[in-house]
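In what follows, a structure is listed as structure tokens, so that the remarks can point back to it.
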Amino acid sequence: MSSFAGRMKEYSTMSLDRFDRENLHSRAYFLSHCHKDHMKGLKAPILRRKLQFSRTVRLYCSFVTKELLLNNPKYAFWEEYIVALELESPTQISLVDEASGEKEEILVTLLAAAHCPGSVMFLFEGSQGNVLYTGDFRFAAGDVSRIEHLHSGSRVKDIQSIYLDSTFYDPRFFQIPTRDVCLDGISELVRNWISQSAYHVVWLNCKAAYGYEYLFTNLGEEFNTQIHVNSLEMFKKMPELLSYVTTDRRTQIHACRHPKAEEFFQGSRLPCGCRASDGTPLQIISIKPSTMWFGERTRKTNVVIKTGASSFRACFSFHSSYLELKDFLSYLQPVNIYPSVIPLGRTLTEVTQMLMLMCRNQSDQAATVYKPLGALKRCMVKRPTYECRPRPFSLFDAPEAQ
DNA sequence: GCGATCAGGT
DNA sequence: CACACCTGATCGC
């Protein structure tokens with residue numbers, strides 16, 4: 001869960017993913033994605049009132065985030081204050097103090113964060129340097145090197161600070177299977193079940209949050225079917241998602257929800273209560289997407305685990321693993337890194353110290369011992385980040401997970 | 001009546 | 001396998 005207070009050191013007149021307390025005075029707001037823990041204060045009457053008196057304060061986000069936000073009636077009042085921005089399109093924003101008229105210009109670029117529909121990172125370029133606020137993200141190793149706006153020609157841009165989704169910045173979460181590997185495991189399980197008969201159905205036991213949609217689109221594509229969900233409302237302007245979901249219960253793949261869904265499942269019923277038209281009882285398995293991780297030396301086991309007679313857990317992660325975060329950071333080599341999440345069982349001090357080792361000065365200092373200066377050039381070409389850097393992290397390496 | 005916060009659940 | 005969010009109880013205004 002994000003514990004970011006909302007403001008960055010370099011550009012403290014704007015707020016990101018927090019809208020309460022000191023953030024009420026900000027000149028501009030940014031929402032990285034539509035998850036509640038990044039929306040604190042966003043529907044508070046006090047903020048709503050402040051907006052009505054302002055001519056310049058706006059909320060910036062992606063088009064998809066805007067759509068998901070406004071779909072919720074509690075946030076619909078934002079309509080006239082939202083500015084949706086295209087991905088990968090640098091946009092100049094004026095940060096205006098409405099009392100004094102004082103003004104600061106900043107360039108913002110939205111980068112797809114692959115966390116949930118509409119999720120983005122914000123790259124800010126201005127008088128206080130380049131700063132990257134990652135929001136929540138899932139990048140695989142190497143992904144960062146393919147983002148045009150983090151480069152200038154063939155060089156990596158000089159990044160002053162990264163405000164990082166450090167959810168899994170802990171050696172316990174050393175490795176998490178890639179999305180493709182997880183999807184393949186889930187597909188195989190689904191295929192083996194629903195191919196047995198038309199009465200064999202799968203219930204995807206997903207949480208009430210955006211982020212499982214790529215599972216629906218991939219399974220829908222693979223099995224040429226639609227997935228049953230509670231509501232299509234939020235996707236009504238997103239045809240590429242809409243075509244894979246349905247409110248028609250006559251399908252073999254369900255991701256519908258109900259407060260008593262677990263009870264229903266124990267009684268061999270789907271959350272939607274769907275029955276076969278001829279009265280034949282349905283054969284249901286549940287698949288619960290969950291984070292599964294592996295230690296540095298752990299031999300990879302199955303991405304699908306049987307947890308009961310008809311219950312399975314399948315690997316699924318919204319966030320980058322420790323290894324993926326190290327790849328990301330060692331490529332960008334920022335001057336500073338600030339964690340926005342403290343992993344369970346760790347302290348801010350601990351995480352900050354571990355992240356300091358990934359900052360530019362630390363890495364360059366260490367690398368100088370082994371490399372001639374010429375090798376320190378920071379370029380776009382993919383480099384073997386783990387082999388060419390010393391690995392001071394052994395101090396923190398946790399015992400094998402599980 | 002409303003919002004903030006916490007405990008307990010999945 | 002630990003994420004994101006729901007429900008219900010309690011408190012303060």
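Each chain gets a letter, A, B and so on, in the order its sequence line appears, and its residues count up from 1.
One cannot find a donor-acceptor pair under 3.5 Å joining the base of C/dC5 and the side-chain atoms of A/K36.
Between A/K103 and A/D97, none of the side-chain N atoms (NZ, or NE/NH1/NH2) sits under 4.0 Å from a carboxylate O, so this pair counts as no salt bridge. Using a 4.0 Å cut-off between a side-chain N of Lys or Arg and a carboxylate O of Asp or Glu, A/K157 and A/E125 qualify as a salt bridge. Salt-bridge check for A/D143 with A/R146: passed, with a basic side-chain N closer than 4.0 Å to an acidic carboxylate O.
A/F168 has its CZ atom 9 Å from the C1' atom of C/dC1, to the nearest Å. Between the C1' atom of C/dA4 and the OH atom of A/Y212 lies a distance of 7 Å, rounded to the nearest Å. The CD-P distance, from A/E262 to C/dT7, rounds to 15 Å in whole Å. Distance, A/K288 NZ to C/dC3 C1': 11 Å, rounded to whole Å. Taking atom CE of A/M1 as the reference point, atom C1' of C/dC6 lies 11 Å away to the nearest angstrom. The distance from atom CG of A/D170 to atom P of C/dC3 is 11 Å, rounded to the nearest whole Å. Residue A/K207 contributes atom NZ, which lies 9 Å from atom P of C/dC3 at whole-angstrom precision. In this structure, A/K43 atom NZ and C/dC5 atom P are separated by 12 Å, rounded to whole Å.
Distances were taken from every side-chain heavy atom of A/A208 (C-beta onward) to each of C/dA2, C/dC1, C/dC6; the shortest belongs to C/dC6. The side chain of A/A44 approaches B/dA4 more closely than any other nucleotide in the set C/dC5, C/dC3, B/dA4. Looking at the side chain of A/D136, the nearest of the listed nucleotides C/dA4, C/dA2, C/dC1 is C/dA4.
Among the protein residues, A/F265 comes within range of no part of the nucleic acid, since none of its heavy atoms lies under 4.0 Å from any strand. Heavy atoms of A/H115 sit under 4.0 angstrom from primed sugar atoms or phosphate atoms, though from no base atom. Looking at heavy-atom distances under 4.0 Å, A/K260 makes no contact with the nucleic acid at all.
Residue A/R313 has a polar side-chain atom (N or O) positioned under 4.0 Å from OP1 or OP2 of C/dC1.
Two residues, A/M292 and A/Y210, neighbour DNA chain C, and the one matched to the more 5' nucleotide by heavy-atom proximity is A/M292.
In this structure, CD on A/Q362 lies 7.0 Å from SG on A/C359, to the nearest 0.5 angstrom.
Side-chain contact check for A/E10 and A/S161: at least one donor-acceptor pair (N or O, by modelled atom type) lies under 3.5 Å.
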